[in-house]
Q: 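Let me give you the structure first, and then I'll get to my questions.
A note on names: the letters A, B, ... follow the listed sequences, proteins ahead of strands, and every chain is numbered from 1. Note: hydrogens, waters and symmetry copies are ignored here, and every other heavy atom, side chains too, is used.
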2 protein chains.
Amino acid sequence: MATVSSTTSGTASGTPTRGRRNRRGEILEAAARLFAARGFHGVSIEDIGGAVGVSGPALYRHFDGKDALLSEMLLDISSRLRESAVAAVTTSPDPRATLDALLDAQITFAIEQPALITVHDRELGNVPEPARRQIRRLQRLYVEEWVTVLAELHPACPAARLRAATHAVFGLLNSTPHSAGELPAQDMRPLLHTMAHAAITAAVKTR
Amino acid sequence: MATVSSTTSGTASGTPTRGRRNRRGEILEAAARLFAARGFHGVSIEDIGGAVGVSGPALYRHFDGKDALLSEMLLDISSRLRESAVAAVTTSPDPRATLDALLDAQITFAIEQPALITVHDRELGNVPEPARRQIRRLQRLYVEEWVTVLAELHPACPAARLRAATHAVFGLLNSTPHSAGELPAQDMRPLLHTMAHAAITAAVKTR
DNA sequence: CGATGACGTTAATGATGACTAACATCCGTG
DNA sequence: CACGGATGTTAGTCATCATTAACGTCATCG
């Protein structure tokens, strides 16, 4: 066991995989789509295998099991989100710009990876324990990046309120998967940015 | 079969149930909590029975099966949401007031019935077909109430944009279950109202 | 060339789970 | 008081599913 958890110690998702054809990636992608649609327990190993053209137990050549698959998926996403936040913070000249960068990054994820985003905030409860804690930690750090930036912009606003507002904004942005198709991504992107920004601005005006 | 769909033809959720003790209601409530936490397929009939103090197959005295239970649950919620919207529209003097009433109603649901709200926008995919269509219909009607009101307030804004904005606002408001505990409901309520209102206002300004 | 390892395949195996059957209990009503 | 219906209970039944076993294939590399 622990064969697969190399993701943790290794180059994370740095190297896609040496081999020509990347089954691992295909599987993760297909599984994400299926989990998003029917929920973790609503999808069988057979379903996942079938979706990538192999059948059933072939999965075990790539992952330790269904749980490990989910764990890696959520770990990957929460890492990437977290990293994107760090990047936004370190490359922006001032808090205003940082907030814009955070918004853009989250919007990009929500629009380009709807399945991953969906699974990310639905299936944490099905992740077994060592990974669960790790994921929670990354999520918490991600939120704190936002809260820190908002606190710089609005020092008068209590942190609890900033945290609540942040979660609400995530809800707004992550709703994209539900409303898919209403509007082309090209229009959706600025719309979400505008709405989220306005919501935050309204939230921080401590009454 | 079709025993349970009396909800549709009957007094909806008017009369709780004649019998003294209301098992049906207890079951629906417990199931909602469990489904919200672990997903439909992650919860067994035994789990649900156990949660209300009876064990397993006793459920079949009240529902036709697990699917029927879910169907009734989602049908009930989407009806109630829809009704609340109709009430908001018919009792408010002008569109501005209607929008406030719609916001308040949705916020009340989100805060008071987090489990139901969660299940409502996660498990539609697991509802079998006759009910599925019906639920979709009610959801669509609910959205249209919002869109209609917004269109009255902002005739210049294209309907597609209004629809997308509406979904985004639902995402914002329904995020409450995730951020539970961050802020007392007493503060959460006006915060959500403020944020949602600001987001809408920003959205309708067609650039 | 021959071994090795990556990647698949098709049968078990063992749980778990939805649903049914057969059998109480209890309560109100004729 | 006897009966019927509502409500439970426990012990199957039959599928489905995750996981493992045992067994190919094929390319690479020594």
Side-chain angles (χ1 to χ4, degrees), chain A residues 1-7 10 15-31 34-35 37-73 123 125-129 131, chain B residues 1-4 6 10 15-31 34-35 37-73 123 125-129 131:
Chain A
M1 48 190 91
T3 304
V4 167
S5 61
S6 63
T7 306
T15 319
T17 287
R18 46 285 163 102
R20 305 142 313 125
R21 208 200 220 125
N22 176 354
R23 263 298 146 69
R24 244 183 110 74
E26 290 180 53
I27 291 174
L28 280 166
E29 200 181 311
L34 289 168
F35 289 165
R38 309 211 290 268
F40 180 69
H41 294 291
V43 176
S44 74
I45 286 293
E46 268 283 330
D47 292 335
I48 301 173
V52 301
V54 303
S55 254
L59 270 195
Y60 291 84
R61 297 292 169 201
H62 303 275
F63 300 91
D64 278 356
K66 210 185 165 194
D67 287 351
L69 177 55
L70 181 67
S71 296
E72 178 162 338
M73 193 160 120
E123 306 289 5
N126 291 316
V127 175
E129 229 343 320
Chain B
M1 47 191 89
T3 304
V4 168
S6 61
T15 319
T17 287
R18 47 283 163 99
R20 304 139 316 124
R21 210 205 216 118
N22 178 357
R23 262 297 145 69
R24 246 183 109 75
E26 289 179 55
I27 291 173
L28 280 166
E29 200 181 311
L34 290 169
F35 289 165
R38 309 210 292 269
F40 181 69
H41 294 291
V43 176
S44 73
I45 286 293
E46 269 282 330
D47 291 336
I48 302 173
V52 302
V54 304
S55 254
L59 271 196
Y60 292 86
R61 298 294 169 195
H62 302 275
F63 299 92
D64 278 357
K66 211 185 165 194
D67 287 351
L69 177 55
L70 182 66
S71 296
E72 179 162 337
M73 194 159 119
E123 306 289 5
N126 290 315
V127 175
E129 229 341 321

Q: If you look at every heavy atom in B:Lys66 and B:Phe40, which pair is closest and at what distance?
A: NZ-O, 3.0 Å
Q: Considering only side-chain heavy atoms of A:Val54, which listed nucleotide, D:dT20, D:dT7, C:dT9, is closest?
A: C:dT9
Q: Distance check needed: D:dA18 P versus A:Asp64 CG, whole Å only.
A: 16 Å
Q: Whole angstroms only, please: what is the CZ-P distance between A:Arg38 and D:dC17?
A: 9 Å
Q: Identify which nucleotide among D:dG8, D:dA21, C:dG8 has an atom closest to any side-chain atom of A:Pro57, counting heavy atoms from C-beta outward.
A: D:dA21
Q: Mind checking B:Gly65 for me? I need base, sugar-phosphate or nothing, with any heavy atom below 4.0 Å counting as a touch.
A: sugar-phosphate
Q: Between P on C:dA18 and CG on B:Leu69, what's the gap in Å once rounded to a whole number?
A: 11 Å
Q: Nearest to the side chain of B:Lys66, heavy atoms from C-beta on, is which of D:dG8, C:dT9, C:dC19?
A: C:dC19
Q: Please list, chain by chain and in numerical order, all residues satisfying side-chain hydrogen bond (donor to acceptor under 3.5 Å, both in side chains) with A:Asp47, sequence neighbours excluded.
A: A:Arg38, A:Ser44
Q: May I have the distance from A:Arg61 (atom CZ) to D:dT25 (atom C1'), rounded to whole angstrom?
A: 12 Å
Q: Between B:Glu123 (side chain only) and B:Leu70 (backbone N and O only), is there a donor and an acceptor less than 3.5 Å apart?
A: no
Q: Indicate yes or no: at least one non-hydrogen side-chain atom of A:Arg61 is less than 4.5 angstrom from one of A:Val54.
A: no
Q: At a heavy-atom distance below 4.0 Å, what parts of residues 40-53 of chain B sit against DNA chain D?
A: none
Q: Show the numbers, then the answer: is there a side-chain contact (heavy atoms from CB on, under 4.5 Å) between B:His62 and B:Glu72?
A: CA-CA 12 Å; B:His62 302 275; B:Glu72 179 162 337; over 6 Å; no
Q: Grab the two heavy atoms, one from A:Ile45 and one from A:Gly56, that are nearest each other, plus how far apart they are.
A: CG2-O, 3.5 Å
Q: Figure out the CZ/C1' separation between B:Phe63 and D:dT7, and round it to whole Å.
A: 14 Å
Q: What is the separation between atom CG on B:Asn22 and atom C1' on D:dA6, rounded to the nearest whole Å?
A: 14 Å
Q: Counting only side-chain heavy atoms from C-beta out, which of D:dA18, C:dC23, C:dT20 sits nearest to A:Tyr60?
A: D:dA18
Q: Select from B:Arg23 and A:Gly56 the residue whose nearest nucleotide in DNA chain D is closer to the 5' end of that strand.
A: B:Arg23
Q: Which whole-number value in Å describes the distance from A:Leu59 CG to D:dC17 P?
A: 14 Å
Q: What heavy-atom pair brings B:Glu46 and B:Pro57 nearest, and what distance separates the two atoms?
A: OE2-CD, 4.4 Å
